[in-house]
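Here's the structure we're looking at; comments come further down.
Remember, it's 1-based here, ligands and their atoms both numbered in the order they're listed. Note that the coordinates shown come from a computational prediction; the quantities given were computed from them, not determined experimentally.
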Amino acid sequence: MKVVVNDVSKTYKDKKGREVTALQNINFSINQNEFVVLVGPSGCGKSTLLNIVGGLLSSSKGGVYFEGLAGDKEPTLGIVFQEIALFPWRTVYENVIFGLEEQGVSKSEQKEKGQFYIDMVGLTGFENAYPKQLSGGMRQRAGIARAFAVHPDLLLMDEPFSALDAQTRTIMLEELVGIWQKTRLSTLYVTHNIQEAVYLADRVIVLSRHPGQIKNIIHIDLPKVGRNKEEHVLKFEDYCDQIWQLIRHDAKEAIKEED
Ligand code: ADP
């Protein structure tokens, strides 16, 4: 399966009714088993693009195609947002199997898969806990387990760890790489954090703002696991610097607008 984003543009109307071009002529693809990261400063259209790819928002021009799906099958998507929308009245287990229930999977398969993914994200023993009993990091783990459990054709993640403290975030990033290695789901991941992008991506798509356009696509030629090891530091920093040079002007402009 391959996702093709073909000439996508999106305009919004601002508060005064003027047209704002959030995205202009976006073209890229996500290959089978590929981890693609969208990076760019605030307001460059990352979330808009992720939502269009996920079918949650329509484009003004162009479209998104899923090539190589069996028959006319609709793609299965797994989505993880910054603030995981777990159902507060459902336990961890019941949240994780939610998508499987929707798919009409048998009870025994729900149980098997639900437990498998709960174990995989390190929530063994918390199956019967409710979201309010969990820390922020544990809630994100449950959300990740729920997204992976349906074995989606495409996994979409929008700044999934940005609400977490720095240490939890580092741990979660390491764990995500481990989990991803086991599943190799085709993934589109959004972040404004350059280090995070270089740590995770097979390819980084760098967006500029006003309008949101692709500035460059950078292939990260580092092993998938252990990118934070000493031996990769120089190359890692080189990639970060390369991306920073591409977005620094826009990042400064974004800060001015927020002031
Ligand atoms: P990012 O995720 O990179 O911060 P967004 O996709 O949220 O960027 O936004 C891209 C641009 O589109 C911004 O200029 C933003 O103000 C504008 N925008 C986003 N959503 C809306 C909306 N619902 N109505 C009007 N403008 C919007």
Side-chain angles (χ1 to χ4, degrees), residues 3-30 35-64 77-85 136 140 143-144 147 154-164 169 172-173 176 186-201 203-218 220 239-240 242-259:
V3 185
V4 179
V5 177
N6 182 33
D7 209 24
V8 163
S9 296
K10 175 73 182 176
T11 50
Y12 289 111
K13 285 227 167 27
D14 71 7
K15 285 178 207 132
K16 291 179 183 151
R18 290 175 305 207
E19 294 218 323
V20 179
T21 306
L23 295 171
Q24 196 171 59
N25 307 113
I26 303 288
N27 288 288
F28 70 94
S29 55
I30 307 164
F35 200 118
V36 172
V37 177
L38 289 175
V39 75
S42 164
C44 70
K46 301 183 293 296
S47 296
T48 300
L49 186 50
L50 183 116
N51 285 327
I52 290 173
V53 173
L56 304 169
L57 194 67
S58 59
S59 57
S60 308
K61 204 179 113 226
V64 177
L77 302 174
I79 305 182
V80 185
F81 290 114
Q82 181 178 340
E83 299 287 346
I84 285 288
Q140 290 305 86
I144 289 169
L154 179 65
L155 177 67
L156 298 166
M157 303 182 99
D158 192 355
E159 307 247 11
F161 307 132
S162 57
L164 304 176
R169 180 186 180 138
M172 295 294 290
L173 281 173
L176 177 62
S186 305
T187 303
L188 182 62
Y189 185 104
V190 160
T191 183
H192 64 273
N193 184 311
I194 297 173
Q195 276 78 13
E196 199 170 306
V198 175
Y199 187 70
L200 294 169
R203 278 188 303 151
V204 177
I205 299 182
V206 184
L207 293 177
S208 62
R209 63 201 289 279
H210 294 330
Q213 283 177 319
I214 295 183
K215 214 152 189 183
N216 209 342
I217 299 183
I218 297 168
I220 306 293
Y239 281 124
C240 291
Q242 198 182 335
I243 295 168
W244 174 237
Q245 295 310 328
L246 288 167
I247 65 174
R248 67 195 287 259
H249 174 76
D250 281 1
K252 283 185 180 168
E253 292 298 310
I255 291 168
K256 274 191 215 156
E257 275 176 34
E258 278 166 16
D259 284 344

Please report which non-hydrogen protein atom sits nearest to atom 8 (O) of ligand 1, along with the residue it belongs to and the distance in Å to one decimal place.
-> G45 N, 3.1 Å
Can L56 and I79 be said to form a side-chain contact (heavy atoms from CB on, under 4.5 Å), step by step?
-> CA-CA 11 Å; L56 304 169; I79 305 182; 4.0 Å; yes
Who's the nearest protein heavy-atom neighbour of atom 13 (C) of ligand 1, and how far?
-> G43 O, 3.7 Å
Any atoms of ligand 1 less than 4.0 Å from a non-hydrogen atom of K13? List them with their elements.
-> 25 (C)
Heavy-atom contacts with A22 under 4.0 Å: which atoms of ligand 1 show up? List them by number with element.
-> 11 (C), 12 (O)
Of all heavy-atom pairs linking V80 and G143, the shortest is CG2-O, 4.1 Å
CD1-CG distance between I144 and L176, expressed to the nearest 0.5 angstrom | 5.5 Å
Between R203 (side chain) and F35 (backbone), is there a donor-acceptor pair under 3.5 Å?
-> no
Looking only at heavy atoms of G40, does any of them come nearer than 4.0 Å to an atom of ligand 1?
-> no
Top protein contact for atom 14 (O) of ligand 1, by heavy-atom distance | H210 CE1, 3.7 Å
Which of the ligand 1 atoms, numbered from 1, are nearer than 4.0 Å to a heavy atom of S42 | 4 (O)
Note the single closest protein heavy atom to atom 6 (O) of ligand 1, along with its residue, its atom name and the distance in Å.
-> T48 OG1, 2.5 Å
Please confirm whether G212 comes under 4.0 Å of ligand 1, counting heavy atoms of the residue only.
-> no
Could you walk me through whether R209 and E257 pass salt bridge (Lys or Arg N to Asp or Glu O under 4.0 Å), step by step?
-> CA-CA 12 Å; R209 63 201 289 279; E257 275 176 34; 3.2 Å; yes
Considering only non-hydrogen protein atoms, determine which one is nearest to atom 7 (O) of ligand 1 and report residue, atom name and distance to 0.1 Å.
-> S47 CB, 4.1 Å
May I ask you to check whether K46 has an N/O atom sitting below 3.5 Å from an N/O atom of ligand 1?
-> yes
Where Y12 and L57 come nearest, the two heavy atoms and their spacing = OH-CD2, 3.4 Å
Write out the residue and atom name of the closest protein heavy atom to atom 25 (C) of ligand 1, then the distance separating them to 0.1 Å.
-> Y12 CB, 3.4 Å
What are the two closest heavy atoms between G45 and L207, and how far apart are they?
-> C-CD1, 4.4 Å
Would you indicate whether the side-chain heavy atoms of P160 and Q140 approach each other to under 4.5 Å?
-> yes
Which ligand 1 atoms are under 4.0 Å away from a heavy-atom of P41?
-> 3 (O)
Determine the minimum heavy-atom distance between I220 and A201, stating which atoms define it.
-> CB-O, 3.5 Å
